[in-house]
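What follows is a single structure, written as structure tokens, with notes after it.
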Amino acid sequence: MLSSKETASYFDKVVDEKLPDGLLEQNIARTLSIDAVSGATLTSDAYTHALNQAADPVRAIEFNYQLSDTPALWEYLKWLDLAAVLFFGVAVWVNKTRSPYKAKMNGALLFASTVVFGFYSASLYSASTMGGLIFGSWLTGVANYTPFILLALSLGYIVYYNRNVYCQSLCPFGAVQQCLAKVGNAKSSPVRHQFFVWLPRVILLATLCLGAYFRNPAGFVYEPFGIAFGMIGGMYLFVLTVLIVLTSLVVRRPWCQSLCPINAMTDFVVFNKNWFKQMRSQPSKKKRASSVGDSAENAQRSRQTERKEREE
């Protein structure tokens, strides 16, 4: 394996669990297979699939046949990807409904999303997902497309409605913070300081730049999702997760209000959308202003003409 664009913590767990060693003793005349590592199932499957594809040229030379066919595009889709579209559609409906049970439906949706996209698959999108979408790493294949689908749907909704429905109704880590806030009877934080408005923006920009420079967006992950839902990650992520968990008992959604890159992404998209609208409206305003000026000049000329006629 020469390179990997998967999140480093999940790939490190695959290596630490000796999954490559278990594949070394297998005969490439048959399809390579091994039990996936618990907590990194998608990365394990992607690793095995990559090795099978790499072994196919050798099979063609040595045994005159191949085992791996080039899959169609729809074969890359998994049930998690379809579930992401379904969950997002339900989230949009819940946010628009005026039902008296709206809060309960939103809570049920957050719970289901936490189970499916949190503890089961850890498919939350992050700064590395944004980098992968921008720099096109998803085009060459990734273990899990679900975060990219959720990110694309969120961006579309933000562009159209100026709101991020993902944070309100789907984010598993936000749901965990919300549950802890109820346990500790946490209070809403006061007005956000400008420092906490600009801090996630600077961190997101630095993360994207480093990912672009080293051509590995997944190599720069600072979100605590891996620790929270799979105990996968370094010591600094473990410490950060513990701090967020404890703070969530006192303040509602401390991660969302201080470090989450999604708010920075939302602000950026909304700002550019409004700027684009303003730039488009300027020519029409100039035209209206010039037409108003012309009509005023014409009116003044007509008044002057009438005055001269009366004087004559």
Side-chain angles (χ1 to χ4, degrees), residues 7-9 91 95 106-107 110-111 113-114 117-119 122-134 147 150-151 154-155 157-158 162-211 217-272:
T7 304
S9 54
N95 278 267
N106 194 68
L110 275 171
F111 175 78
S113 179
T114 303
F117 303 120
F119 292 106
S123 297
L124 301 80
Y125 68 78
S126 60
S128 63
T129 312
M130 300 175 199
L133 183 67
I134 294 171
L150 289 171
L151 174 58
S154 297
L155 286 172
Y157 195 84
I158 292 169
N162 288 349
R163 295 175 59 192
N164 192 342
V165 70
Y166 174 84
C167 294
Q168 299 173 2
S169 303
L170 292 177
C171 179
F173 198 60
V176 170
Q177 294 175 84
Q178 232 170 274
C179 291
L180 292 171
K182 288 190 175 182
V183 171
N185 196 21
K187 298 180 180 179
S188 299
S189 64
V191 179
R192 290 174 66 194
H193 194 276
Q194 283 297 312
F195 174 78
F196 292 109
V197 174
W198 283 98
L199 179 62
R201 297 176 181 177
V202 173
I203 295 176
L204 176 59
L205 179 61
T207 302
L208 295 177
C209 290
L210 289 171
F220 299 91
V221 177
Y222 66 93
E223 294 92 341
F225 306 149
I227 294 291
F229 298 107
M231 291 304 293
I232 298 175
M235 180 55 67
Y236 77 96
L237 287 178
F238 177 79
V239 174
L240 177 61
T241 306
V242 172
L243 289 175
I244 293 171
V245 168
L246 294 177
T247 310
S248 297
L249 296 170
V250 182
V251 179
R252 291 183 181 178
R253 293 201 174 203
W255 167 262
C256 304
Q257 299 185 53
S258 59
L259 292 172
C260 182
I262 299 178
N263 289 330
M265 177 197 74
T266 304
D267 294 341
F268 178 78
V269 173
V270 172
F271 172 82
N272 281 275

Gap separating the CG atom of D267 from the CG atom of N162, nearest 0.5 angstrom: 11.0 Å
Kindly indicate whether the side chain of F111, heavy atoms from C-beta on, has any atom under 4.5 Å from the side chain of C179. no
Just wondering, do L133 and T129 contact through their side chains at under 4.5 Å, heavy atoms? no
Within this structure, what is the OG1-CG distance for the pair T241 and L246, rounded to the nearest 0.5 Å? 11.0 Å
Go through the steps to decide whether Y166 and L124 satisfy the test side-chain contact (heavy atoms from CB on, under 4.5 Å), and finish with yes or no. CA-CA 10 Å; Y166 174 84; L124 301 80; 3.8 Å; yes
Any I262 side-chain heavy atom under 4.5 Å of M130 side chain: yes
Pairing donors with acceptors under 3.5 angstrom, does anything connect the side chains of R253 and Q178? yes
Give, for atom OG1 of T266 and atom CD1 of I158, the distance between the pair rounded to the nearest 0.5 Å. 3.5 Å
Distance in Å, F225 CZ paired with C171 SG, rounded so as to fall on 0.5 Å steps: 5.5 Å
According to the interplanar angle, ranging from 0 to 90°, do the rings of W255 and F173 count as parallel (below 30°), tilted (30 to 60°) or perpendicular (above 60°)? perpendicular
Hey, does the side chain of R201 reach the backbone of A264 with a donor-acceptor pair shorter than 3.5 angstrom? no
Indicate yes or no: at least one non-hydrogen side-chain atom of S169 is less than 4.5 angstrom from one of N95. yes
Would you say that V221 contacts E223 through its side chain, given a criterion of any heavy-atom pair below 4.5 Å between the two side chains? yes
Which value, rounded to the nearest 0.5 Å, describes the distance between N106 atom CG and L170 atom CG? 8.5 Å
Close side-chain approach of P224 and I244, heavy atoms under 4.5 Å: yes
Rounded to the nearest 0.5 Å, what separates atom CD in Q194 from atom CG in L199? 12.0 Å
Scanning both residues in full, the closest heavy-atom pair of P200 with S258 reads CD-O, 3.4 Å
Pairwise side-chain contact, N164 with Y157, heavy-atom cut-off 4.5 Å (strictly under): no
Heavy-atom pair of closest approach, residues P147 and S123: CG-O, 3.6 Å
Can you find a pair of side-chain heavy atoms, one from F268 and one from L204, that are under 4.5 Å apart? no
How far apart are the closest heavy atoms of F229 and G118, and which atoms are they? CB-O, 3.5 Å
Might you point out which heavy atoms bring T114 and A175 nearest each other, and give the distance in Å? OG1-CB, 3.2 Å
Quick check against the 3.5 Å criterion: does Q177 have a side-chain atom that pairs as donor or acceptor with the backbone of V251? no
Closest approach of R252 to A186 (non-hydrogen atoms, all atoms of both residues): NE-O, 3.3 Å
